[in-house]
There are 2 protein chains.
Amino acid sequence: MTGIDSNTEQIIMKAARRVFTNKGFDGARMQEIADVAGINKALLHYYFRSKDKLFEAIFKEVLNTVFPKIIAVLMSPLTLFEKIEKVSFNYIEMLKQNPDLAIFVFHEISRNPERLVGNFKNVGADFKIIQTQITKEVEAGIIVPIKAEHLIANLISLCVFPFIARPVLMGMAGMDQAEYDRFLEERKQIIPHTLITAIKKQK
Amino acid sequence: MTGIDSNTEQIIMKAARRVFTNKGFDGARMQEIADVAGINKALLHYYFRSKDKLFEAIFKEVLNTVFPKIIAVLMSPLTLFEKIEKVSFNYIEMLKQNPDLAIFVFHEISRNPERLVGNFKNVGADFKIIQTQITKEVEAGIIVPIKAEHLIANLISLCVFPFIARPVLMGMAGMDQAEYDRFLEERKQIIPHTLITAIKKQK
DNA sequence: TCTACTTTTGACCACTTGGTTAAATCATAT
DNA sequence: ATATGATTTAACCAAGTGGTCAAAAGTAGA
């Protein structure tokens with residue numbers, strides 16, 4: 001090996017990630033990945049034995065980019081309101097820096113959901129922790145009763161959706177890129193406000 | 001022609017819709033569509049000249065299934081709160097009956113967003129109507145100021161997300177199909193409650 | 001320089017893909 | 001029945017697909 005973990009390998013990963021996230025597994029072509037990487041197609045198979053293997057490598061890399069931080073927040077000892085605020089901020093910020101990841105993950109949901117769920121749990125996601133926290137905060141009179149499933153679904157969907165539906169949103173609302181960026185920035189506040197107001201117990 | 005618009009044509013449409021929604025355009029195979037329809041592959045090309053043409057036919061059919069009702073509600077003279085309630089109910093109900101449509105549309109967003117936006121506007125979607133309504137209800141002291149972009153994005157994402165992320169949701173929360181159905185049913189109430197509480201002006 | 005090795009390449013292969021075609025089948029009016 | 005037109009089929013094709021392989025080019029130690 002020349003450098004750390006071979007330069008070519010990283011170049012390939014970068015190219016593959018770009019092509020896979022844009023086109024999905026089925027739409028991606030090994031030739032295109034090779035072209036983007038500026039190498040021969042056979043070299044792809046030298047480093048990663050098959051298209052599936054290459055995809056899997058990218059997939060794991062993406063999972064490790066996207067989820068650990070968010071899950072860590074959800075599993076931490078913060079209050080529910082703090083978690084909602086932090087996840088909204090971190091998630092949107094991370095997706096702003098990797099706008100294709102949302103689409104990539106969703107492509108994978110419809111292609112191989114089992115593996116995705118498996119990897120999720122491996123990263124330390126445990127649904128019960130949130131469930132017990134909600135139960136406690138309900139009992140403490142802080143929030144109105146709500147199922148954890150709904151709260152988490154609400155939180156994730158509000159954060160992720162704008163990245164998946166970006167072209168439609170921009171097209172329908174007539175936003176340009178700058179306006180869209182501002183829109184995302186606003187959501188860091190609006191999402192927590194929406195969710196917290198809806199579950200906060202009135203005195 | 002035998003029946004109304006030929007029986008075979010409708011069989012093909014049904015098969016194609018199933019395959020396209022499950023696999024996406026790139027993942028779909030003309031042979032598989034033919035198999036599902038129980039006919040020869042060449043017959044596909046007899047009725048629809050190419051894969052693209054067939055897809056386009058399905059695409060238009062899907063658009064006409066999904067959006068007109070929801071858009072009609074949003075453009076109607078109902079109050080904002082009524083619209084939020086009706087859209088939540090209608091949208092979730094329609095997706096329950098056509099669970100693949102969300103994924104289908106989403107696939108298409110990443111494949112050909114321009115056409116999607118174009119068709120949207122053709123169905124009568126006009127963003128400004130909602131914008132002016134919000135302005136008026138803000139001035140009337142009914143709701144807190146909010147951008148129409150956020151409200152609509154919130155509404156749509158909360159309705160659609162569970163259908164796109166279904167396998168993950170079920171896997172993480174350990175829901176079976178019956179529990180998932182109940183979950184969807186609950187959302188018809190939870191979504192309006194969440195959105196309305198967040199924007200309703202306190203007296 | 002020679003040797004042993006890893007990395008990179010161009011040419012190639014088997015197989016799948018969407019799409020065509022000519023012939024067969026079916027329906028129907030005469 | 002039979003001629004005419006629409007419908008359906010099996011066999012086929014060219015272009016692409018992921019993947020292989022043997023040879024070339026680079027690298028580094030002796």
Side-chain angles (χ1 to χ4, degrees), chain A residues 1-62 104 107-108 110-112 115, chain B residues 1-62 100 103-104 107-108 110-112 115:
Chain A
M1 285 186 212
T2 345
I4 350 103
D5 246 20
S6 150
N7 191 25
T8 311
E9 193 172 325
Q10 286 185 299
I11 291 176
I12 293 176
M13 291 278 281
K14 205 174 163 187
R17 179 163 160 170
R18 209 171 99 192
V19 175
F20 276 132
T21 51
N22 282 331
K23 310 269 175 98
F25 180 85
D26 291 321
R29 300 282 161 249
M30 292 299 267
Q31 186 58 59
E32 187 179 352
I33 296 174
D35 292 343
V36 171
I39 57 161
N40 191 285
K41 189 179 56 138
L43 202 55
L44 291 182
H45 291 88
Y46 177 76
Y47 279 93
F48 305 84
R49 293 214 324 250
S50 67
K51 188 184 181 182
D52 284 275
K53 289 274 197 330
L54 175 56
F55 182 83
E56 189 131 5
I58 304 295
F59 179 69
K60 283 183 178 158
E61 193 198 49
V62 165
F104 179 86
H107 266 299
E108 198 50 16
S110 66
R111 221 180 66 89
N112 195 345
R115 181 175 52 173
Chain B
M1 284 186 216
T2 342
I4 352 101
D5 247 19
S6 150
N7 190 27
T8 311
E9 192 171 326
Q10 285 184 299
I11 291 176
I12 293 176
M13 291 278 281
K14 206 174 163 186
R17 181 163 156 171
R18 210 171 99 192
V19 175
F20 276 132
T21 51
N22 282 330
K23 310 272 176 96
F25 181 85
D26 291 320
R29 299 284 160 249
M30 292 299 266
Q31 186 59 57
E32 187 181 351
I33 296 174
D35 291 345
V36 171
I39 56 160
N40 191 283
K41 190 178 56 138
L43 203 56
L44 290 183
H45 289 89
Y46 176 75
Y47 278 92
F48 304 85
R49 291 216 325 250
S50 67
K51 188 184 182 182
D52 283 275
K53 288 275 194 336
L54 175 55
F55 182 83
E56 188 128 6
I58 304 295
F59 178 69
K60 282 183 179 161
E61 194 198 48
V62 166
D100 296 328
I103 292 174
F104 180 88
H107 265 300
E108 197 51 16
S110 68
R111 220 180 67 89
N112 194 346
R115 183 175 49 171

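Since this is a predicted model, take the numbers as computed values, not measurements. We name chains A, B, ... by the order of the sequence lines, and we start the count at 1 in each one.
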Mind checking the [atom1]-[atom2] spacing from [X] to [Y]? Nearest 0.5 Å is all I need.
X	Y	atom1	atom2	answer
B:Phe25	B:Ile58	CZ	CD1	12.0 Å
B:Lys51	B:Glu56	NZ	CD	14.0 Å
B:Arg49	B:His45	CZ	NE2	11.0 Å
A:His107	B:Ser110	NE2	OG	3.5 Å
A:Lys14	A:Glu61	NZ	CD	11.0 Å
B:Asp35	B:Met30	CG	CE	12.0 Å

Rounded to whole Å, please give me the gap between [atom1] in [X] and [atom2] in [N].
X	N	atom1	atom2	answer
B:Asp52	C:dT17	CG	C1'	13 Å
B:Phe48	D:dT7	CZ	C1'	14 Å
B:Asn7	D:dT8	CG	C1'	14 Å
A:Ile33	D:dG18	CD1	P	8 Å
B:Lys51	D:dA15	NZ	P	19 Å
A:Ile11	C:dT8	CD1	C1'	13 Å

| query | Which atoms form the tightest heavy-atom contact between B:Ile33 and B:Ile12, and what is the distance? | reply | CG2-O, 4.5 Å

| message | To check you understand the geometry: which heavy-atom pair defines the closest contact between A:Lys23 and A:Ala28, and what is its length? | response | CB-N, 3.7 Å

| task | Indicate, with yes or no, if the rings of A:Phe20 and A:Phe104 have centres closer together than 6.0 Å. | result | no

| remark: In DNA chain D, stems of three or more consecutive pairs, Watson-Crick or G-U, each with both distances under 3.5 Å, turn out to be C:1-30 with D:1-30

| Is the distance from OP1 or OP2 of D:dT7 to the nearest side-chain N or O of B:Thr8 less than 4.0 Å? | no

| task | Identify, residue by residue, the members of residues 14-30 of chain A with a heavy atom below 4.0 Å from DNA chain D, and return them in order of residue number, or none. | result | A:Ala28, A:Arg29, A:Met30

| task | Tell me which residues in residues 39-47 of chain A put a heavy atom below 4.0 Å from DNA chain D, sorted by number, or none. | result | A:Lys41, A:Ala42, A:His45

| query | When you check the gap from the basic side-chain N to the acidic O, do A:Arg111 and A:Glu108 get nearer than 4.0 Å? | reply | yes

| query | Does A:Arg17 make a cation-pi contact with A:Phe59, if we ask for NZ or CZ under 6.0 Å from the ring centre and within 45° of the axis? | reply | no

